[in-house]
Amino acid sequence: MKTLILTTDKKDIETAARIIREGGLVAFPTETVYGLGADALNADAVARVYEAKGRPSDNPMIVHIARASDIGQLTRMLSPDIVSLIDNFWPGPLTLVVKKKPSVPDRTTGGLDTVAVRLPDSGPAIDLINMAGCPIAAPSANLSGSPSPTRAKDVIADLDGKVDAIIVGDDCRVGIESTVLDLTGEVPTILRPGIITAESIEAALGKEVVYDKSLTEAAKHVQADPADGVSESDFKPKSPGMKYKHYAPKADMLVVEGQRDKVIAEIERLKTLNERLGNKVGVILFEERAFIEAAHDFFAKLRDMDSEGVDMILAGALSDTDGVGFAVMNRMLKSAGYNITKV
Ligand code: AMP
Ligand code: MG
(Lines give C-alpha, C1' and ligand atoms only; values in the text may rest on other atoms or scores of the structure.)
(Ligands and ions follow the chains in the order given, each with its own letter.)
Protein backbone atom coordinates (compact mmCIF):
# COMPACT_ATOMS: atom_id res chain seq x y z
CA MET A 1 0.00 0.00 0.00
CA LYS A 2 1.22 3.49 -0.84
CA THR A 3 1.09 5.70 2.26
CA LEU A 4 0.27 9.40 1.74
CA ILE A 5 2.57 11.65 3.74
CA LEU A 6 0.57 14.73 4.77
CA THR A 7 1.21 18.02 6.59
CA THR A 8 -0.92 19.69 9.27
CA ASP A 9 -2.27 22.23 6.75
CA LYS A 10 -6.07 22.39 6.68
CA LYS A 11 -6.18 21.05 3.10
CA ASP A 12 -4.13 17.99 4.03
CA ILE A 13 -6.18 17.38 7.17
CA GLU A 14 -9.30 17.48 5.00
CA THR A 15 -7.75 14.74 2.84
CA ALA A 16 -6.97 12.72 5.97
CA ALA A 17 -10.51 13.26 7.30
CA ARG A 18 -11.95 11.93 4.04
CA ILE A 19 -9.80 8.80 4.37
CA ILE A 20 -11.14 8.26 7.91
CA ARG A 21 -14.75 8.76 6.75
CA GLU A 22 -14.20 6.16 4.03
CA GLY A 23 -12.96 3.59 6.54
CA GLY A 24 -9.20 4.13 6.07
CA LEU A 25 -6.33 4.53 8.52
CA VAL A 26 -4.50 7.77 9.32
CA ALA A 27 -1.63 8.27 11.78
CA PHE A 28 -1.72 11.69 13.45
CA PRO A 29 0.05 13.65 16.19
CA THR A 30 -1.43 14.19 19.64
CA GLU A 31 0.17 15.79 22.69
CA THR A 32 0.97 12.36 24.21
CA VAL A 33 2.24 10.12 21.38
CA TYR A 34 1.27 9.71 17.69
CA GLY A 35 -1.99 7.79 17.23
CA LEU A 36 -3.18 5.48 14.45
CA GLY A 37 -6.77 6.50 13.82
CA ALA A 38 -9.89 4.96 12.31
CA ASP A 39 -13.62 5.76 12.53
CA ALA A 40 -14.43 4.42 16.02
CA LEU A 41 -17.99 3.51 15.01
CA ASN A 42 -16.92 1.50 11.93
CA ALA A 43 -15.98 -2.03 13.05
CA ASP A 44 -14.25 -2.89 9.75
CA ALA A 45 -12.08 0.22 9.89
CA VAL A 46 -11.13 -0.56 13.48
CA ALA A 47 -10.27 -4.14 12.49
CA ARG A 48 -7.74 -2.75 10.02
CA VAL A 49 -5.99 -0.85 12.82
CA TYR A 50 -5.37 -4.12 14.68
CA GLU A 51 -4.05 -5.65 11.48
CA ALA A 52 -1.69 -2.77 10.62
CA LYS A 53 -0.23 -2.69 14.14
CA GLY A 54 -0.18 -6.46 14.63
CA ARG A 55 -2.16 -5.75 17.81
CA PRO A 56 -4.03 -8.49 19.70
CA SER A 57 -7.73 -7.90 19.10
CA ASP A 58 -8.74 -8.08 22.78
CA ASN A 59 -6.70 -4.96 23.49
CA PRO A 60 -9.19 -2.09 23.26
CA MET A 61 -8.54 1.36 21.82
CA ILE A 62 -8.94 4.85 23.13
CA VAL A 63 -11.69 6.78 21.36
CA HIS A 64 -10.76 10.40 20.67
CA ILE A 65 -13.36 13.15 20.50
CA ALA A 66 -13.12 16.83 19.47
CA ARG A 67 -15.39 18.41 22.11
CA ALA A 68 -16.33 17.28 25.57
CA SER A 69 -20.05 17.05 24.81
CA ASP A 70 -19.34 14.36 22.18
CA ILE A 71 -18.77 11.89 25.01
CA GLY A 72 -22.57 11.59 24.85
CA GLN A 73 -22.18 9.63 21.58
CA LEU A 74 -20.30 6.91 23.46
CA THR A 75 -21.83 6.67 26.94
CA ARG A 76 -25.21 7.44 28.45
CA MET A 77 -24.70 8.39 32.08
CA LEU A 78 -22.35 11.20 33.07
CA SER A 79 -21.70 10.90 36.82
CA PRO A 80 -20.61 13.95 38.84
CA ASP A 81 -17.08 12.45 38.92
CA ILE A 82 -16.94 12.24 35.12
CA VAL A 83 -18.12 15.83 34.80
CA SER A 84 -15.51 17.12 37.30
CA LEU A 85 -12.72 15.28 35.52
CA ILE A 86 -13.78 16.62 32.14
CA ASP A 87 -13.91 20.17 33.57
CA ASN A 88 -10.50 19.84 35.19
CA PHE A 89 -8.44 17.88 32.69
CA TRP A 90 -9.89 18.07 29.17
CA PRO A 91 -8.48 18.72 26.69
CA GLY A 92 -5.50 16.78 27.99
CA PRO A 93 -3.78 13.45 28.63
CA LEU A 94 -6.47 11.82 30.79
CA THR A 95 -8.48 8.90 29.36
CA LEU A 96 -11.75 8.01 31.07
CA VAL A 97 -13.10 4.45 31.00
CA VAL A 98 -16.91 4.58 31.14
CA LYS A 99 -19.89 2.28 30.33
CA LYS A 100 -20.34 2.10 26.57
CA LYS A 101 -23.47 2.65 24.51
CA PRO A 102 -24.51 -0.35 22.37
CA SER A 103 -23.68 1.67 19.24
CA VAL A 104 -19.94 1.50 20.05
CA PRO A 105 -18.69 -1.62 18.22
CA ASP A 106 -17.22 -4.50 20.24
CA ARG A 107 -14.20 -4.30 17.94
CA THR A 108 -13.37 -0.87 19.31
CA THR A 109 -13.61 -1.96 22.96
CA GLY A 110 -12.09 -5.43 22.58
CA GLY A 111 -15.43 -6.95 23.53
CA LEU A 112 -15.70 -5.02 26.82
CA ASP A 113 -18.90 -3.23 27.85
CA THR A 114 -16.83 -0.14 28.65
CA VAL A 115 -15.17 2.41 26.39
CA ALA A 116 -12.05 4.54 26.92
CA VAL A 117 -12.50 8.19 25.86
CA ARG A 118 -10.20 11.20 25.60
CA LEU A 119 -10.26 14.77 24.29
CA PRO A 120 -6.70 15.42 23.07
CA ASP A 121 -4.94 18.76 23.52
CA SER A 122 -3.60 19.00 19.98
CA GLY A 123 -4.74 21.28 17.16
CA PRO A 124 -4.16 18.83 14.29
CA ALA A 125 -5.90 16.01 16.19
CA ILE A 126 -8.94 18.18 16.96
CA ASP A 127 -9.10 19.41 13.33
CA LEU A 128 -8.94 15.83 12.07
CA ILE A 129 -11.71 14.58 14.36
CA ASN A 130 -13.89 17.60 13.56
CA MET A 131 -13.49 17.29 9.81
CA ALA A 132 -13.97 13.52 9.88
CA GLY A 133 -17.23 14.08 11.76
CA CYS A 134 -16.87 10.90 13.83
CA PRO A 135 -15.05 9.84 16.99
CA ILE A 136 -11.63 8.41 16.12
CA ALA A 137 -10.36 5.19 17.72
CA ALA A 138 -6.60 5.40 17.99
CA PRO A 139 -4.00 3.31 19.71
CA SER A 140 -0.38 4.43 19.51
CA ALA A 141 0.92 4.55 15.92
CA ASN A 142 3.66 1.93 16.30
CA LEU A 143 3.96 -1.76 15.59
CA SER A 144 2.58 -3.63 18.58
CA GLY A 145 5.35 -4.28 21.11
CA SER A 146 7.77 -1.58 19.93
CA PRO A 147 8.45 1.75 21.70
CA SER A 148 5.65 4.31 21.31
CA PRO A 149 6.19 6.91 18.56
CA THR A 150 6.73 10.49 19.73
CA ARG A 151 8.06 11.84 16.40
CA ALA A 152 6.74 11.57 12.84
CA LYS A 153 9.88 9.70 11.76
CA ASP A 154 9.12 6.97 14.34
CA VAL A 155 5.68 6.49 12.80
CA ILE A 156 7.10 6.38 9.29
CA ALA A 157 9.68 3.78 10.39
CA ASP A 158 6.93 1.46 11.70
CA LEU A 159 3.89 2.08 9.48
CA ASP A 160 4.95 3.41 6.05
CA GLY A 161 3.28 1.11 3.51
CA LYS A 162 0.83 -0.29 6.10
CA VAL A 163 -1.60 2.65 6.51
CA ASP A 164 -3.37 5.06 4.16
CA ALA A 165 -1.80 8.28 5.45
CA ILE A 166 0.57 9.72 8.01
CA ILE A 167 0.20 13.33 9.18
CA VAL A 168 3.64 14.77 9.91
CA GLY A 169 3.35 17.20 12.83
CA ASP A 170 5.55 18.39 15.67
CA ASP A 171 7.23 16.09 18.17
CA CYS A 172 4.81 15.15 20.95
CA ARG A 173 4.89 17.51 23.93
CA VAL A 174 4.24 14.88 26.64
CA GLY A 175 6.01 11.81 25.23
CA ILE A 176 4.20 9.07 27.17
CA GLU A 177 0.61 7.89 26.74
CA SER A 178 -2.35 9.27 28.66
CA THR A 179 -3.29 8.32 32.20
CA VAL A 180 -6.13 5.75 31.93
CA LEU A 181 -8.72 6.07 34.73
CA ASP A 182 -11.50 3.52 35.19
CA LEU A 183 -14.70 5.12 36.50
CA THR A 184 -16.93 2.06 36.24
CA GLY A 185 -16.16 0.59 39.68
CA GLU A 186 -16.73 1.82 43.21
CA VAL A 187 -13.38 3.57 43.50
CA PRO A 188 -11.79 5.47 40.57
CA THR A 189 -8.88 3.26 39.51
CA ILE A 190 -5.78 4.18 37.53
CA LEU A 191 -5.17 1.44 34.95
CA ARG A 192 -2.21 3.17 33.32
CA PRO A 193 -0.16 5.96 34.94
CA GLY A 194 0.63 9.11 32.98
CA ILE A 195 1.55 12.73 33.58
CA ILE A 196 -1.85 13.43 35.15
CA THR A 197 -1.12 11.92 38.55
CA ALA A 198 -3.25 10.17 41.18
CA GLU A 199 -2.69 13.17 43.44
CA SER A 200 -4.09 15.69 40.95
CA ILE A 201 -7.10 13.44 40.19
CA GLU A 202 -7.77 13.08 43.93
CA ALA A 203 -7.61 16.86 44.31
CA ALA A 204 -10.17 17.31 41.50
CA LEU A 205 -12.55 14.64 42.82
CA GLY A 206 -12.08 15.24 46.53
CA LYS A 207 -11.80 11.49 47.08
CA GLU A 208 -9.35 8.64 47.03
CA VAL A 209 -8.10 7.15 43.77
CA VAL A 210 -6.33 3.77 43.63
CA TYR A 211 -3.93 2.07 41.24
CA ASP A 212 -4.99 -1.16 39.56
CA LYS A 213 -3.37 -4.00 41.47
CA SER A 214 -1.37 -5.10 38.45
CA LEU A 215 0.57 -1.81 38.53
CA THR A 216 1.65 -2.10 42.14
CA GLU A 217 2.15 -5.87 41.90
CA ALA A 218 4.37 -5.36 38.87
CA ALA A 219 6.69 -3.23 40.98
CA LYS A 220 6.77 -5.95 43.66
CA HIS A 221 7.28 -8.69 41.11
CA VAL A 222 10.47 -6.98 40.07
CA GLN A 223 11.88 -7.53 43.52
CA ALA A 224 10.26 -10.87 44.12
CA ASP A 225 11.85 -14.23 44.31
CA PRO A 226 9.54 -16.91 42.94
CA ALA A 227 9.73 -18.18 46.52
CA ASP A 228 7.97 -15.02 47.74
CA GLY A 229 4.76 -16.31 46.25
CA VAL A 230 3.72 -13.45 43.98
CA SER A 231 1.20 -15.40 41.99
CA GLU A 232 0.24 -15.07 38.35
CA SER A 233 -3.25 -13.88 39.39
CA ASP A 234 -1.87 -10.95 41.41
CA PHE A 235 -0.53 -9.81 38.10
CA LYS A 236 -3.69 -10.10 36.08
CA PRO A 237 -4.29 -6.65 34.65
CA LYS A 238 -7.69 -5.01 34.31
CA SER A 239 -6.54 -2.94 31.36
CA PRO A 240 -6.03 -5.57 28.66
CA GLY A 241 -3.15 -3.58 27.16
CA MET A 242 -1.04 -4.07 30.24
CA LYS A 243 -0.48 -7.79 29.72
CA TYR A 244 1.35 -7.73 26.42
CA LYS A 245 5.03 -7.31 25.67
CA HIS A 246 5.37 -3.59 25.44
CA TYR A 247 7.65 -0.79 24.35
CA ALA A 248 10.57 -3.16 23.81
CA PRO A 249 13.68 -1.85 22.05
CA LYS A 250 15.67 -4.23 19.83
CA ALA A 251 18.55 -4.04 22.31
CA ASP A 252 18.64 -5.99 25.57
CA MET A 253 17.82 -3.64 28.39
CA LEU A 254 18.66 -3.57 32.09
CA VAL A 255 17.32 -1.11 34.67
CA VAL A 256 19.69 -0.24 37.51
CA GLU A 257 17.99 0.87 40.72
CA GLY A 258 19.42 2.31 43.92
CA GLN A 259 21.09 5.37 45.37
CA ARG A 260 22.03 7.72 42.56
CA ASP A 261 25.82 7.65 42.98
CA LYS A 262 25.78 3.86 43.20
CA VAL A 263 23.57 3.63 40.10
CA ILE A 264 25.96 5.83 38.14
CA ALA A 265 28.95 3.75 39.25
CA GLU A 266 27.22 0.44 38.42
CA ILE A 267 26.15 1.65 34.98
CA GLU A 268 29.72 2.79 34.30
CA ARG A 269 31.07 -0.60 35.45
CA LEU A 270 28.62 -2.63 33.35
CA LYS A 271 29.18 -0.38 30.35
CA THR A 272 32.95 -0.90 30.48
CA LEU A 273 32.59 -4.66 30.92
CA ASN A 274 30.14 -5.00 28.07
CA GLU A 275 32.12 -2.81 25.73
CA ARG A 276 35.13 -4.99 26.40
CA LEU A 277 33.01 -7.91 25.16
CA GLY A 278 32.41 -6.00 21.95
CA ASN A 279 28.87 -4.83 22.75
CA LYS A 280 27.63 -1.41 21.74
CA VAL A 281 26.16 0.02 24.95
CA GLY A 282 23.63 2.85 25.31
CA VAL A 283 22.96 4.62 28.61
CA ILE A 284 19.72 6.29 29.72
CA LEU A 285 20.29 8.38 32.81
CA PHE A 286 17.95 11.30 33.41
CA GLU A 287 18.72 14.28 35.66
CA GLU A 288 17.54 13.67 39.19
CA ARG A 289 13.77 14.34 39.53
CA ALA A 290 13.53 15.70 35.95
CA PHE A 291 10.46 13.51 35.42
CA ILE A 292 8.65 15.62 32.83
CA GLU A 293 11.79 15.70 30.69
CA ALA A 294 12.22 11.95 31.19
CA ALA A 295 8.65 11.37 29.96
CA HIS A 296 9.32 13.56 26.95
CA ASP A 297 12.58 11.84 25.97
CA PHE A 298 12.27 8.20 27.02
CA PHE A 299 10.69 6.56 23.95
CA ALA A 300 12.70 8.74 21.56
CA LYS A 301 15.92 7.60 23.24
CA LEU A 302 14.95 3.92 22.84
CA ARG A 303 14.24 4.44 19.16
CA ASP A 304 17.43 6.41 18.57
CA MET A 305 19.48 3.66 20.21
CA ASP A 306 17.78 1.07 18.03
CA SER A 307 18.65 3.03 14.90
CA GLU A 308 22.24 3.36 16.09
CA GLY A 309 22.48 -0.43 16.43
CA VAL A 310 22.97 -0.44 20.21
CA ASP A 311 23.15 -4.01 21.61
CA MET A 312 22.53 -3.24 25.25
CA ILE A 313 20.76 -0.40 27.06
CA LEU A 314 21.56 0.43 30.69
CA ALA A 315 18.93 2.67 32.28
CA GLY A 316 18.98 4.37 35.66
CA ALA A 317 15.69 3.87 37.56
CA LEU A 318 13.73 6.98 38.57
CA SER A 319 12.84 7.11 42.23
CA ASP A 320 9.23 8.20 42.41
CA THR A 321 6.42 6.15 43.92
CA ASP A 322 3.33 7.81 42.48
CA GLY A 323 4.06 10.87 40.33
CA VAL A 324 5.22 11.42 36.76
CA GLY A 325 8.43 9.50 37.53
CA PHE A 326 6.29 6.48 38.44
CA ALA A 327 4.58 6.72 35.03
CA VAL A 328 7.95 6.75 33.25
CA MET A 329 9.17 3.83 35.39
CA ASN A 330 6.09 1.86 34.33
CA ARG A 331 7.28 2.18 30.69
CA MET A 332 10.94 1.66 31.56
CA LEU A 333 10.32 -1.62 33.40
CA LYS A 334 8.16 -2.96 30.58
CA SER A 335 10.72 -1.97 27.96
CA ALA A 336 13.30 -3.92 29.91
CA GLY A 337 10.96 -6.90 30.32
CA TYR A 338 11.24 -6.29 34.10
CA ASN A 339 14.99 -6.95 33.94
CA ILE A 340 16.26 -4.98 36.92
CA THR A 341 19.26 -5.02 39.21
CA LYS A 342 19.56 -3.28 42.59
CA VAL A 343 22.73 -1.66 43.89
P1 AMP B 1 -2.97 2.63 23.45
O2 AMP B 1 -4.13 2.64 22.54
O3 AMP B 1 -1.77 1.94 22.90
O4 AMP B 1 -2.67 3.99 24.03
O5 AMP B 1 -3.47 1.76 24.66
C6 AMP B 1 -4.74 2.04 25.21
C7 AMP B 1 -4.76 1.57 26.62
O8 AMP B 1 -6.05 1.80 27.19
C9 AMP B 1 -4.48 0.09 26.69
O10 AMP B 1 -3.68 -0.20 27.81
C11 AMP B 1 -5.87 -0.47 26.80
O12 AMP B 1 -5.90 -1.74 27.37
C13 AMP B 1 -6.58 0.58 27.66
N14 AMP B 1 -8.03 0.58 27.46
C15 AMP B 1 -8.69 0.98 26.37
N16 AMP B 1 -10.02 0.78 26.52
C17 AMP B 1 -10.20 0.24 27.74
C18 AMP B 1 -11.33 -0.21 28.47
N19 AMP B 1 -12.56 -0.13 27.97
N20 AMP B 1 -11.11 -0.72 29.70
C21 AMP B 1 -9.87 -0.81 30.21
N22 AMP B 1 -8.76 -0.41 29.56
C23 AMP B 1 -8.91 0.11 28.34
MG1 MG C 1 0.33 1.55 22.59
Side-chain angles (χ1 to χ4, degrees), residues 1-46 48-49 52-53 61-74 86-87 89-96 104-105 108 115-142 148-178 195 296 299-300:
M1 170 191 300
K2 172 105 179 89
T3 299
L4 270 180
I5 303 294
L6 300 171
T7 71
T8 53
D9 292 349
K10 288 266 147 79
K11 209 165 77 16
D12 275 12
I13 303 251
E14 181 49 62
T15 303
R18 189 170 354 102
I19 291 171
I20 297 274
R21 276 198 301 276
E22 289 167 358
L25 306 189
V26 177
F28 63 98
T30 80
E31 81 279 28
T32 56
V33 303
Y34 273 73
L36 177 59
D39 178 350
L41 304 178
N42 176 339
D44 293 336
V46 169
R48 296 183 56 217
V49 174
K53 273 182 64 84
M61 294 180 193
I62 294 172
V63 178
H64 295 71
I65 54 180
R67 65 188 76 72
S69 57
D70 286 348
I71 194 176
Q73 296 178 21
L74 308 166
I86 290 175
D87 284 347
F89 297 110
W90 281 8
L94 177 66
T95 295
L96 305 177
V104 181
T108 305
V115 60
V117 195
R118 182 168 101 81
L119 175 64
D121 185 17
S122 150
I126 297 287
D127 288 346
L128 178 66
I129 303 163
N130 264 326
M131 290 186 206
C134 58
I136 294 185
S140 48
N142 55 327
S148 296
T150 59
R151 304 166 300 190
K153 67 173 179 184
D154 303 335
V155 180
I156 291 170
D158 276 18
L159 296 180
D160 192 15
K162 295 192 168 74
V163 301
D164 298 290
I166 296 171
I167 298 175
V168 174
D170 293 337
D171 293 355
C172 301
R173 176 168 56 75
V174 175
I176 57 172
E177 307 86 343
S178 57
I195 67 157
H296 181 269
F299 285 129

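Along the sequence shown, residues are numbered consecutively beginning with 1.
- Put simply, CD1 on Ile19 and CG on Leu6 are 6.0 Å apart, with the number rounded to the nearest 0.5 Å.
- Residues satisfying the side chain to side chain contact (heavy atoms under 4.5 Å, CB included) test with Ala116, not counting sequence neighbours, are Ile62, Thr95, Val97.
- Ser148 meets the side-chain hydrogen bond (donor to acceptor under 3.5 Å, both in side chains) test with Glu177; sequence neighbours excluded.
- Closest of all the heavy-atom pairs between Pro139 and Met61 is CD-SD, 3.7 Å.
- Under the rule for a salt bridge (charged side-chain N to carboxylate O under 4.0 Å, His left out), the partners of Arg48 that lie at least two apart in sequence or sit in another chain are Asp164.
- Glu22 meets the salt bridge (charged side-chain N to carboxylate O under 4.0 Å, His left out) test with no other residue; sequence neighbours excluded.
- The side-chain hydrogen bond (donor to acceptor under 3.5 Å, both in side chains) test applied to Asp39 returns no partner, not counting sequence neighbours.
- Atom CG of Leu25 is separated from atom CG of Leu159 by 9.0 Å, given to the nearest 0.5 angstrom.
- Applying the 6.0 Å contact sphere to CG of Asp170 captures no more than 12 heavy atoms from other residues, nucleotides or ligands.
- Put simply, the side chain of Asp158 does not reach to within 4.5 Å of the side chain of Asp154, judged on heavy atoms.
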Step-by-step side-chain contact (heavy atoms from CB on, under 4.5 Å) determination, Asn130 to Arg67:
CA-CA 9 Å; Asn130 264 326; Arg67 65 188 76 72; 2.6 Å; yes
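- For the atom pair OG1 of Thr8 and CG of Asp127, the computed distance is 8.5 Å after rounding to the nearest 0.5 Å.
- Closest heavy-atom contact between Leu119 and Ile65: CD1-O, 2.9 Å.
- Every residue meeting the side chain to side chain contact (heavy atoms under 4.5 Å, CB included) condition with Asp160, not counting sequence neighbours, appears here in chain and number order: Thr3, Ile156.
- Considering all non-hydrogen atoms of both residues, Cys134 and Ile129 come closest at O-CG2, 3.5 Å.
- Taking Asp12 as the reference, nothing meets the salt bridge (charged side-chain N to carboxylate O under 4.0 Å, His left out) condition, with sequence neighbours excluded.
- For the pair Gln73/Val104, no side-chain contact is recorded, criterion being any heavy-atom separation below 4.5 Å from C-beta on.
- For Met131 against Arg21, the heavy-atom pair with the smallest separation is O-NH1, 2.7 Å.
- Rounded to the nearest 0.5 Å, atoms OG1 (Thr108) and CG (Leu41) are 7.0 Å apart.
- Take Ala45 and apply the side chain to side chain contact (heavy atoms under 4.5 Å, CB included) test, not counting sequence neighbours, and it matches Ala38, Asn42.
- Shortest non-hydrogen contact noted between Pro93 and Glu31 is N-OE2, 3.4 Å.
- Considering only residues two or more places apart in sequence or on other chains, Arg18 meets the side-chain hydrogen bond (donor to acceptor under 3.5 Å, both in side chains) condition with none of them.
- Side chain of His64 to backbone of Ile136: a donor-acceptor contact under 3.5 angstrom is found.
- Taking CD1 from Ile176 and CD1 from Ile195, the interatomic distance works out to 7.0 Å, rounded to the nearest 0.5 Å.
- The minimum heavy-atom distance linking Ala43 with Pro105 is given by the pair CB-CB, 4.0 Å.
- Every residue two or more places apart in sequence or in another chain was checked for a side chain to side chain contact (heavy atoms under 4.5 Å, CB included) with Ala157, and none qualifies.
- A donor-acceptor contact shorter than 3.5 Å links the side chain of Tyr34 to the backbone of Gly169.
- Side-chain contact between Thr7 and Val168 is absent, with no heavy-atom pair separated by less than 4.5 Å.
- Counting heavy atoms from C-beta outward, Phe28 and Val155 have side chains that stay 4.5 Å or more apart.
- To the nearest 0.5 angstrom, Ile13 atom CD1 is 12.0 Å from Lys11 atom NZ.
- For Asp121, the side-chain hydrogen bond (donor to acceptor under 3.5 Å, both in side chains) criterion is met by Arg173, not counting sequence neighbours.
- Applying the salt bridge (charged side-chain N to carboxylate O under 4.0 Å, His left out) criterion to Lys153, with sequence neighbours excluded, gives no partner residue.
- Checking side-chain atoms of Lys53 against main-chain N and O of Asn142 turns up a donor-acceptor pair under 3.5 Å.
- Put simply, the side chain of Leu36 does not reach to within 4.5 Å of the side chain of Ser140, judged on heavy atoms.
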